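Take a look at the structure below.
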2 protein chains.
Amino acid sequence: MSPAPDFEHLMRAAGLRVTRPRLAVLAAVHAHPHADTDSILGIARARIGEVSHQAVYDVLRALTSAGLVRRIEPAGSVARYEARVGDNHHHVVCRSCGVIADVDCAVAYTPCLTASDDHGFEIDEAEVVYWGRCPDCAGASPSAAVSN
Amino acid sequence: MSPAPDFEHLMRAAGLRVTRPRLAVLAAVHAHPHADTDSILGIARARIGEVSHQAVYDVLRALTSAGLVRRIEPAGSVARYEARVGDNHHHVVCRSCGVIADVDCAVAYTPCLTASDDHGFEIDEAEVVYWGRCPDCAGASPSAAVSN
DNA sequence: CGGACATCTTGACTCATTCCAGAAAAGGAC
DNA sequence: GTCCTTTTCTGGAATGAGTCAAGATGTCCG
């Protein structure tokens, strides 16, 4: 993954104050895509020592609304965050283990933004989630076989 | 939508025992698409008097796994249920008021099931959520999104 | 350097959903 | 119709992500 973007500069450009908790959280999200809040809290603490969970929630919200991170929330899962923003990509989620992988949009340009009937809504985003089973889970028990 | 399907027969066909709470919940979901669990509880109680919230949760789970209702869970919202199952349709969600509307898939046949790169996943479903603003909210404040 | 204001800390709290264990009811067999 | 087994319902408590509030602290700007 990308070594280490200039997080500090990114934040300033977004009009955010630069603080230790924010740098730690942003770095954590970059280093661990699709991590949940609790994991991020752990990673951030490993980096800078003490950080309150409230601070992490606040920071994640600030970074999200600033567009530096993106929040994803697959059904049945807690909120997760990723640093890939701006590009148009979606996700594949494993029904068994919950692992998430990125998938570039098949249509490339704001894809499915074309709903067959938009009911008068002003649509600004189409979120696609592919559900299935990851290679590991599919291999582990295609139906009932237990090989190891 | 169909006036009043034979709920009892539907349940028996699905191998479920027919109980008063189940009939009430299934009827409630049919009558109020996209209702959340609490609303369904209220509607069910209005129909048959007392029902425990636990019963409603259990019934909804049973109906969901039997394929009689579908559970949808837009990010930032509680679980909601709808009775339209089997057909391939997606949803539009209003960012301001949270209202949900059905949208038939633009591609009609298991649409976006074609991910550009499936990472080896065995994909069995593509869920699409269109985010935007409903006619009412868009009209109320065209530019500034003022959720609350 | 110092003030003003955003951000972090602490700790309690909300709320959807789930877990538990006993009581009750539905379905099926005879 | 009656009895038995299985499944469901009740009521209460627990879980856990996420939020609220108030005061302490740190950042940024002049």
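Just so you know, these numbers come straight off a predicted model, no measurement behind them.
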Expected output: side-chain B/H34 to main-chain B/I100 donor-acceptor under 3.5 Å = yes
For A/P74 and A/W131, which heavy atoms make the closest approach, and how far apart are they?
-> CB-CH2, 4.1 Å
What is the 5' to 3' range of DNA chain D, first to last nucleotide, that sits under 4.0 Å from any heavy atom of chain B?
-> D/dT6 to D/dG12
Test side chain to side chain donor-acceptor pair (under 3.5 Å) applied to B/T64 - qualifying residues, sequence neighbours left out = none
Hydrophobic cluster membership, A/V25 vs A/I43, 4.5 Å side-chain cutoff | no
Between atom SG of A/C134 and atom NE2 of B/H119, what is the distance when rounded to the nearest 0.5 Å?
-> 12.0 Å
B/V18 with B/I40, same ILVMFWY side-chain cluster at under 4.5 Å = yes
What are the residues of residues 45-58 of chain B, sorted by number, that bring a heavy atom to within less than 4.0 Å of DNA chain C?
-> B/H53, B/Q54, B/Y57
Please name the pair of heavy atoms, one in B/R133 and one in B/C94, separated by the smallest distance, quoted to 0.1 Å.
-> CA-SG, 3.8 Å
Of A/L68, A/T37, A/I72, which meets side-chain contact (heavy atoms from CB on, under 4.5 Å) against A/Y81?
-> A/T37
Answer with yes or no whether the hydrophobic clustering places A/L41 together with A/I48; edges join I, L, V, M, F, W, Y residues whose side-chain heavy atoms lie under 4.5 Å apart.
-> yes
Any side-chain heavy-atom pair of B/F7 and B/V29 under 4.5 Å = no
Output every pair passing salt bridge (Lys or Arg N to Asp or Glu O under 4.0 Å) with a member in residues 10-36 of chain A, not counting sequence neighbours, ordered by first then second residue.
-> A/E8-A/R12
Contacts of type salt bridge (charged side-chain N to carboxylate O under 4.0 Å, His left out), residue A/E73, not counting sequence neighbours | A/R71
Bounds of contact between DNA chain C and chain B, in 5' to 3' order, using a heavy-atom cut-off under 4.0 Å | C/dA16 to C/dG27
Shortest non-hydrogen contact from A/A31 toward A/R47 | CB-NH2, 4.4 Å
Residues in side chain to side chain donor-acceptor pair (under 3.5 Å) contact with A/H89, at least two apart in sequence or another chain = A/E82, A/D87, A/H91, A/D102
Where along residues 75-82 of chain A does a heavy atom come under 4.0 Å from DNA chain C, residue by residue in number order?
-> none
Show me the donor-acceptor pairs, under 3.5 Å and distance only, between side chains in residues 51-59 of chain A and residues at least two apart or in other chains.
residue: A/S52; atom: OG; partner: A/A55; partner atom: N; Å: 3.1
residue: A/Q54; atom: NE2; partner: A/D58; partner atom: OD1; Å: 3.0

Using a heavy-atom distance cut-off of less than 4.0 Å, which residues of residues 13-22 of chain B contact DNA chain D?
-> B/R17, B/T19, B/P21, B/R22
Can B/L60 be reached from B/L16 by stepping across I, L, V, M, F, W or Y side chains whose heavy atoms are under 4.5 Å apart?
-> yes
The answer to which of B/R71 and A/V59 contacts DNA chain C further toward the 5' end, by nearest nucleotide, is A/V59
What residues, two or more places apart in sequence or in another chain, satisfy side chain to side chain donor-acceptor pair (under 3.5 Å) together with B/S77?
-> B/R80
Work out how much the helix from C/dC1-D/dG30 to C/dC30-D/dG1 bends between its end axes, five pairs an end, to the nearest 10 degrees.
-> 40°
